[in-house]
Amino acid sequence: MAEEPERLIAEDGTRLDGRKPDELRPLRIQAGVLKRADGSAYLELGSNKIIAAVYGPRELHPRHKQKPDRAVIRFRYNMAPFSVDERKRPGPDRRSIEISKLSKEALEPALFTEYYPRTAIDIFVEVLQADAGTRCAGITAASVALADAGIEMKDLVAAVAAGKVDGHIVLDPMYYEDGYGEADVPLAMMPKYDAITLLQMDGNMTEDEFKEAVRLAKKGCKIIYREQRRALKRKYGGE
Amino acid sequence: MSLDLDLLAKIKRHEVLSMIRTGERIDGRDFDEFRPIEVRTGVISKANGSALVRLGNTQLVVGVKLEVGTPFPDTPDQGALAVNAELVPLADPTFEPGPPDENAIELSRVVDRGIRESEAIDLEELCIVEGEHCWVVFVDIHVLDHDGNLFDASLMGSVAALATAEVPEVEVEDDEVEVIEDETRPLPFRDFPISVTVAKIEDHVLVDPCLEEEIVMDARMTVTTNERGDVCAVQKGDKGEFPPKAFEEALEMAVKKSKEIRRTVKAQIES
Amino acid sequence: MTGEGPVPEYRIYVEDREVVTPGELLAEGQVIASDGTYREGDKVYSKVTGLASIEGRKVRVIPLSGPYVPTKGDYVIGIVQEVKFSSWLLDIRAPTPGVLHVSEFVDEEVDLITTDLSEYLREGDVVGALVQEVDPVKRVKLTTKGEAMNPLGRLKDGRIVEIDPVKVPRVIGRRGSMVRMLKDVLGCDIFVGINGRIFIRAREEPREIREDLAVRAIVEIERRSHLSGLTDWLESTLKRLSRW
């Protein structure tokens with residue numbers, strides 16, 4: 001990472017990239033970008049570039065892993081070697097394994113898994129370019145890919161992080177803010193239920209600051225949710 | 001929901017074959033016709049060079065990353081090249097997570113030989129301190145959508161990413177290499193290898209097989225040529241054989257076609 | 001029906017034919033929540049990406065993508081993927097295979113101890129079947145006995161085309177008009193499985209060409225978002241055929 005900027009937030013609350021504290025980076029979502037996958041989505045958030053694909057529900061092998069009453073959800077988060085400043089060695093590491101587990105758990109409450117006994121629903125997220133907030137961007141994209149695959153769902157899942165930077169609570173921290181900020185709060189939710197399905201925090205905040213970060217992340221999720229729905233409607237001719 | 005390949009082959013075989021026998025391909029192309037090619041460079045700003053390739057519905061991204069490393073003992077005055085292909089499970093229902101399998105390794109090695117044997121990269125220019133420090137050029141091929149002919153698409157992407165890659169300037173002081181990220185020069189790229197893969201199906205040969213054709217093909221041959229038109233790498237693959245006539249036709253078709261494909265890819269990089 | 005008693009209290013929030021997404025509120029109150037929807041308390045939501053369909057108080061969502069979901073009575077075209085001791089497993093493009101028990105395929109008594117069921121059906125064989133039952137845990141039982149619009153049992157000497165199951169109604173056409181036209185014009189038997197598999201067999205020579213054209217016509221129908229140009233395409237195809 002390059003040198004730390006002198007200050008991350010100006011006196012009037014403007015951030016390094018010109019955003020206000022409660023503003024998302026530019027967001028673009030496209031549904032149905034791959035031919036082979038049963039469902040897919042491409043997402044850009046700032047300079048994050050993420051692609052998600054869904055295969056299934058399909059028969060799960062080996063059979064002893066099947067669940068008689070529901071589908072097994074599998075999630076793989078993977079970073080392309082060229083997605084970060086220093087080339088990442090291909091293959092999973094402890095970070096990506098944890099993210100994969102939490103992302104699966106963030107999406108599962110939204111799925112009617114009981115409709116697909118003995119099957120697997122495979123979700124693959126590839127980070128082509130990373131710029132802070134990739135786990136949330138991955139969940140957002142995966143949720144659109146699931147809906148594109150025709151999987152029956154209670155709601156879409158939207159995700160974004162909030163953070164504490166120079167003492168300010170901000171939405172959707174970018175690279176420098178994530179690297180030099182005081183705290184990071186990634187959050188995913190089902191907006192329809194106002195229910196959190198992923199929540200992590202690391203850093204240092206007062207209880208009130210943490211609550212404010214959660215409130216701000218939820219606000220961001222609602223904006224993202226609108227874009228998710230718009231992307232699906234665009235693909236299927238509704239807009 | 002997804003059929004296994006054998007079943008798919010069974011369904012598709014008759015369809016693909018009966019069309020080929022009457023002189024047509026399943027997607028309406030001529031036997032010597034590629035699918036539409038789209039190459040976009042500079043798509044990954046975190047990489048030193050990058051390209052997105054669409055060959056029909058086949059899609060992949062290639063990223064080039066440069067790292068300071070140590071030269072190989074047998075080439076102390078040269079930089080190093082490492083090509084790696086990831087067939088991530090997002091790209092095909094049969095791809096499995098895990099370390100590269102034999103297909104991924106074959107793919108990366110065929111691309112590697114095309115770049116290496118055409119001497120497209122001037123590796124001597126990438127030596128920093130002889131025997132001590134050099135640039136290592138990582139070419140990472142990331143397949144996103146597999147609809148056939150990953151070989152040609154991967155080399156196109158690699159060449160496009162390399163041809164537009166930038167090498168950071170360095171300062172060497174007391175045997176320490178310091179990279180100056182803001183100052184760069186173009187990667188010394190001096191040839192333009194292109195591969196053309198020819199599939200043999202019964203007595204017919206055809207270029208750029210799509211997935212449905214790959215499933216039913218007997219064998220394939222990937223011919224890589226350099227800018228002069230000389231052959232610099234060849235790979236015959238799959239279980240079938242090439243009798244003399246099919247071999248000659250395939251070779252002639254590949255060499256002839258490579259000129260046109262090279263022009264197309266170059267034009268796309270420049271635009 | 002109307003005019004008697006209080007008018008049922010309900011509200012519908014989407015237009016007929018509107019594209020909706022999972023979690024979208026469709027209606028509230030005393031509506032009939034049908035396929036593609038779910039109810040929570042008084043409210044009805046979509047559970048898929050699809051087209052809302054409103055018929056009076058009946059609200060449903062027609063999915064625009066997704067797997068084939070077997071329903072009792074469906075005519076499907078399956079491919080044998082495994083021969084078991086007393087049954088065959090058929091790939092029917094559903095999330096899990098359909099089970100065809102020997103008694104649902106063979107009329108006579110079969111001694112399972114001495115008989116290898118691949119004497120009747122082997123891996124890769126194509127079978128027209130009816131969905132007999134989908135049990136509560138979504139196991140699909142198939143049969144080749146009963147009444148169906150298309151032939152039941154093994155389908156031989158033809159070709160198979162696969163299309164997106166959600167596009168099957170388009171190939172069938174209004175009251176079967178599209179598939180009937182193809183059959184007549186091209187001189188082929190065409191059996192459409194609701195699971196997006198279509199069996200084609202020419203009735204007369206030149207068979208290869210007739211089948212080729214039928215395959216292409218179906219691919220064309222699947223591809224085109226509007227059917228307006230299709231009759232023209234078929235006419236020019238007909239001319240092409242008459243040259244043979």
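Hydrogens, waters and symmetry mates are skipped; everything else that's a heavy atom, side chains included, is used.
Contacts of A:Lys65 classified as side-chain contact (heavy atoms from CB on, under 4.5 Å), with partners at least two apart in sequence or in another chain: A:Leu60, A:Pro62. In this structure, the side-chain contact (heavy atoms from CB on, under 4.5 Å) partners of C:Thr115, at least two apart in sequence or on a different chain, are C:Val110, C:Asp111, C:Glu119, C:Tyr120.
Across C:Val137, C:Val166, C:Val48, the residue that shares the most heavy-atom pairs under 4.5 angstrom with chain A is C:Val137. Ranked by heavy-atom pairs shorter than 4.5 Å toward chain A, the options C:Gly36, C:Ser65, C:Pro63, C:Ser46 are led by C:Ser65.
Residues A:Gln200 and A:Arg135 bring a donor and an acceptor atom of their side chains to less than 3.5 Å of each other. Residues A:Tyr225 and A:Thr140 bring no donor and acceptor atom of their side chains to less than 3.5 Å of each other.
Within the 6.0 Å centre-distance limit, the rings of A:Phe112 and C:Tyr38 are counted as a close aromatic pair.
The pair A:Asp172-A:Arg19 counts as a salt bridge, with a side-chain nitrogen and a carboxylate oxygen less than 4.0 angstrom apart.
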Please determine whether side-chain contact (heavy atoms from CB on, under 4.5 Å) holds for the pair C:Ile218 and C:Ile163, giving the CA-CA distance in whole Å, both sets of side-chain angles, and the decisive distance to 0.1 Å. CA-CA 8 Å; C:Ile218 287 163; C:Ile163 61 164; 3.8 Å; yes
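Contacts of A:Ile151 with chain C are made by backbone atoms alone, with heavy-atom separations under 4.5 Å and no side-chain atom involved. Heavy-atom distances place the side chain of C:Glu40, and not its backbone, under 4.5 Å from chain A. For C:Arg139, the parts lying near chain A are the backbone and the side chain together; criterion is any non-hydrogen pair under 4.5 Å. Only the side chain of A:Lys192 comes within less than 4.5 Å of a heavy atom of chain C; its backbone N, CA, C and O stay farther away.
Sorted by first then second residue, the side chain to side chain donor-acceptor pair (under 3.5 Å) pairs that include residues 110-121 of chain A, not counting sequence neighbours, are A:Tyr115-C:Lys47.
By the neighbour-count criterion of 12 heavy atoms within 6.0 Å, atom NZ of A:Lys154 is densely surrounded, having more than that number from other residues, nucleotides or ligands.
Near-neighbour residues of residues 96-108 of chain A relative to chain C, defined by a heavy atom under 4.5 Å from a heavy atom of that chain, are none.
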